[in-house]
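Heavy atoms only: backbone and side chains are in, while hydrogens, waters and symmetry mates are out. None of these values were measured; they are calculated from a predicted model.
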Amino acid sequence: MKIRQMQCMMALFTFVRMEDLRAYINKLRHDFGKRELTEEMAGNDPLALFSRWFHEAVEGNIPEPNAMVLSTSGAADFPGGRIVLLRNFGDEGFVFYTNYNSRKSEELKQNPRASLLFFWPHHERQVRIKGTVSQQTEAESDVYFRSRPRESQIGAWISEQSKPVESREDLYSAFMDFDRKYEGKEIPRPPFWGGFIVKPVYYEFWQGRPGRLHDRITFSFSEPVWQRLRLAP
């Protein structure tokens with residue numbers, strides 16, 4: 001009887017805590033107003049605007065300014081999102097690196113289109129990008145791989161990304177075996193690991209404003225120029 005009473009008390013306590021949590025979430029409010037984004041400020045070149053915002057995020061010491069949500073979708077699957085790191089950007093597109101046998105890579109093979117999302121809360125900004133995806137050249141991937149820490153190079157070899165693994169101990173054992181195998185040697189890039197390039201066809205720049213009247217300015221590519229448009233918040 002006492003065990004049953006304790007179970008009921010714990011269930012009630014959990015319910016109360018969940019109700020408190022829901023109430024807390026519903027009361028969360030943050031009114032934005034640090035900056036604005038006018039058409040004049042946006043200009044006509046979305047890459048130039050992104051570059052300016054990115055540099056401001058770096059100069060503002062925002063943690064992981066190059067972290068971005070990469071969303072992909074296979075031919076008949078739910079969209080999947082995960083955080084990856086931007087490693088380069090420019091006229092050619094936005095570059096990230098991964099295992100070419102991973103789930104995201106398999107989805108990109110089926111559907112070579114993706115979206116990126118950058119969120120810089122300290123500046124009350126986010127940027128959404130949609131684009132087509134292609135693999136980076138082997139030479140370019142080689143250059144970046146050589147710049148990585150040795151531990152990351154080994155990790156690229158021993159991790160069958162997105163595949164089941166028996167235990168962390170097995171993973172660590174494989175890491176140590178590979179480390180001994182290449183002791184004193186340069187580690188080559190795995191043929192199944194490299195870069196992807198997202199070539200934008202759409203940008204959306206979001207700047208938080210007071211009263212939820214946020215600035216949203218988009219750029220859609222229409223050969224040969226970008227078409228700029230303001231959206232309702």
Side-chain angles (χ1 to χ4, degrees), residues 43-55 57-58 64-120 126-149 152-153 155-163 187-206 217-229:
N44 297 311
D45 183 352
L47 182 59
L49 177 56
F50 177 87
S51 181
R52 188 165 72 248
W53 277 21
F54 188 83
H55 279 92
V58 172
E64 302 283 3
N66 62 329
M68 59 186 185
V69 178
L70 166 71
S71 296
T72 59
S73 179
D77 201 359
F78 292 102
R82 76 288 288 165
I83 300 290
V84 299
L85 297 178
L86 176 71
R87 288 307 183 190
N88 195 13
F89 71 92
D91 292 332
E92 74 285 352
F94 290 69
V95 180
F96 68 93
Y97 292 87
T98 189
N99 187 310
Y100 285 145
N101 297 324
S102 64
R103 182 174 300 139
K104 68 176 88 61
S105 297
E106 291 299 324
E107 291 177 344
L108 288 172
K109 291 173 187 176
Q110 299 173 37
N111 179 13
R113 292 176 292 181
S115 69
L116 307 174
L117 173 64
F118 295 86
F119 181 47
W120 300 309
Q126 68 177 6
V127 182
R128 296 173 58 213
I129 298 171
K130 298 178 184 179
T132 56
V133 183
S134 60
Q135 283 192 19
Q136 197 179 43
T137 66
E138 292 188 6
E140 290 172 314
S141 292
D142 286 341
V143 170
Y144 175 69
F145 187 79
R146 286 194 293 269
S147 75
R148 304 184 87 208
S152 298
Q153 293 177 342
W157 271 102
I158 62 98
S159 174
E160 295 185 66
Q161 196 173 104
S162 303
K163 304 298 189 297
I187 300 174
R189 178 182 62 87
F192 52 81
W193 188 98
F196 280 110
I197 305 172
V198 180
K199 181 71 172 177
V201 297
Y202 175 89
Y203 289 82
E204 180 181 318
F205 295 88
W206 180 96
I217 292 184
T218 69
F219 292 85
S220 300
F221 190 68
S222 179
E223 190 72 37
V225 298
W226 289 94
Q227 300 291 334
R228 191 185 64 202
L229 185 69

TODO: Tell me, please, which residues at least two apart from Glu140 pass side-chain contact (heavy atoms from CB on, under 4.5 Å).
DONE: Gln136, Thr137
TODO: Apply the test ring-ring contact (aromatic ring centres under 6.0 Å, His included) to residues Phe94 and Phe50: give CA-CA distance (whole Å), side-chain angles for both, the deciding distance (0.1 Å), then the verdict.
DONE: CA-CA 11 Å; Phe94 290 69; Phe50 177 87; 5.0 Å; yes
Open item on the list: Suppose we screen for salt bridge (Lys or Arg N to Asp or Glu O under 4.0 Å). Which residues come up paired with Glu64, at least two apart in sequence or across chains?
Closed with: none
Task: Euclidean distance, Phe89 CZ relative to Leu116 CG, rounded to 0.5 Å - done: 12.0 Å
Open item on the list: Tell me every residue that passes side-chain contact (heavy atoms from CB on, under 4.5 Å) with Ala156, counting only those two or more places apart in sequence or in another chain.
Closed with: Phe145, Arg148, Pro190, Trp193
Task: Pairing residues for Trp53 by the ring-ring contact (aromatic ring centres under 6.0 Å, His included) criterion, not counting sequence neighbours - done: Phe205
Task: ring-ring contact (aromatic ring centres under 6.0 Å, His included) against Tyr202, all qualifying residues, sequence neighbours excluded - done: none
Open item on the list: Given 3.5 Å as the limit, does a donor-acceptor pair link the side chain of Lys163 with the main chain of Asn101, or not?
Closed with: yes
Task: Sub-4.5 Å side-chain heavy-atom contact between Ser102 and Ser162 - done: yes
Task: Pairwise side-chain hydrogen bond (donor to acceptor under 3.5 Å, both in side chains) hits with a residue in residues 80-94, at least two apart - done: Thr72-Arg82, Arg87-Tyr144
Task: Approximate separation, where rounding is to 0.5 Å, of Phe54 CZ and Leu86 CG - done: 5.5 Å
- [ ] Return the set of residues passing side chain to side chain donor-acceptor pair (under 3.5 Å) with Asp45 (not counting sequence neighbours), or none when no residue passes.
- [x] none
Open item on the list: When you compare the side chain of Val69 with that of Ile83, does any pair of heavy atoms fall below 4.5 Å?
Closed with: yes
TODO: Apply ring-ring contact (aromatic ring centres under 6.0 Å, His included) to the pair Phe192 and Trp157, showing each step before the final yes or no.
DONE: CA-CA 9 Å; Phe192 52 81; Trp157 271 102; 5.7 Å; yes
- [ ] Provide the closest heavy-atom pair for Ser141 versus Gly194 in the form atom of the first, atom of the second, distance.
- [x] OG-CA, 3.5 Å
- [ ] Please report the shortest heavy-atom distance between Phe118 and Asn66, naming the atom on each side.
- [x] CE2-O, 4.3 Å
TODO: Could you tell me whether the side chain of Val133 reaches within less than 4.5 Å of the side chain of Arg113, counting heavy atoms only?
DONE: no
- [ ] Sequence neighbours left out, what passes salt bridge (Lys or Arg N to Asp or Glu O under 4.0 Å) with Arg228? Give chain and number order.
- [x] none
Open item on the list: To the closest 0.5 Å, what do you measure between CG (Leu70) and CD1 (Ile129)?
Closed with: 11.5 Å
TODO: Can you measure from CH2 (Trp226) to CG (Leu47) and round to the nearest 0.5 angstrom?
DONE: 9.0 Å
Open item on the list: Does any part of the side chain of Arg103, heavy atoms only, come nearer than 4.5 Å to the side chain of Gln161, both counted from C-beta?
Closed with: no
Open item on the list: If you define the side chain from C-beta out and look only at heavy atoms, does anything of Met68 sit under 4.5 Å from Val84?
Closed with: yes
TODO: With sequence neighbours excluded, tell me which residues meet side-chain contact (heavy atoms from CB on, under 4.5 Å) with Ser134.
DONE: Ile197
- [ ] Sequence neighbours left out, what passes ring-ring contact (aromatic ring centres under 6.0 Å, His included) with Phe119? Give chain and number order.
- [x] none
Open item on the list: Going by ring-ring contact (aromatic ring centres under 6.0 Å, His included), name the residues that satisfy it together with Tyr100, two or more places apart in sequence or in a different chain.
Closed with: Phe196
TODO: Answer yes or no: is there a side-chain heavy-atom contact under 4.5 Å between Pro112 and Thr132?
DONE: no
- [ ] Show your working on side chain to side chain contact (heavy atoms under 4.5 Å, CB included) between Ser105 and Thr98 and close with a plain yes or no.
- [x] CA-CA 8 Å; Ser105 297; Thr98 189; 3.5 Å; yes
Open item on the list: Within the structure provided, determine whether Pro65 and Trp120 are in side-chain contact (heavy-atom separation under 4.5 Å).
Closed with: yes
Open item on the list: Would you say that more than 12 heavy atoms from the other residues, nucleotides or ligands in this model lie under 6.0 Å from the CD of Gln110, or not?
Closed with: yes
Task: Working for side chain to side chain contact (heavy atoms under 4.5 Å, CB included), residues Gln153 and Arg189 - done: CA-CA 7 Å; Gln153 293 177 342; Arg189 178 182 62 87; over 6 Å; no
- [ ] Report the residues that fulfil side-chain contact (heavy atoms from CB on, under 4.5 Å) with Val143, sequence neighbours left out, ordered by chain and then residue number.
- [x] Arg146
- [ ] Supply the atom-to-atom distance Glu204 CD to Lys130 NZ, rounded to the nearest 0.5 angstrom.
- [x] 8.5 Å
Open item on the list: Under a 3.5 Å threshold, yes or no: a donor from one side chain and an acceptor from the other, between Glu107 and Ser73?
Closed with: no
Task: Non-hydrogen side-chain atoms of Ser115 and Arg128 separated by less than 4.5 Å - done: no
Task: Gly81 to Ser71 - nearest heavy-atom pair and separation - done: CA-OG, 4.0 Å
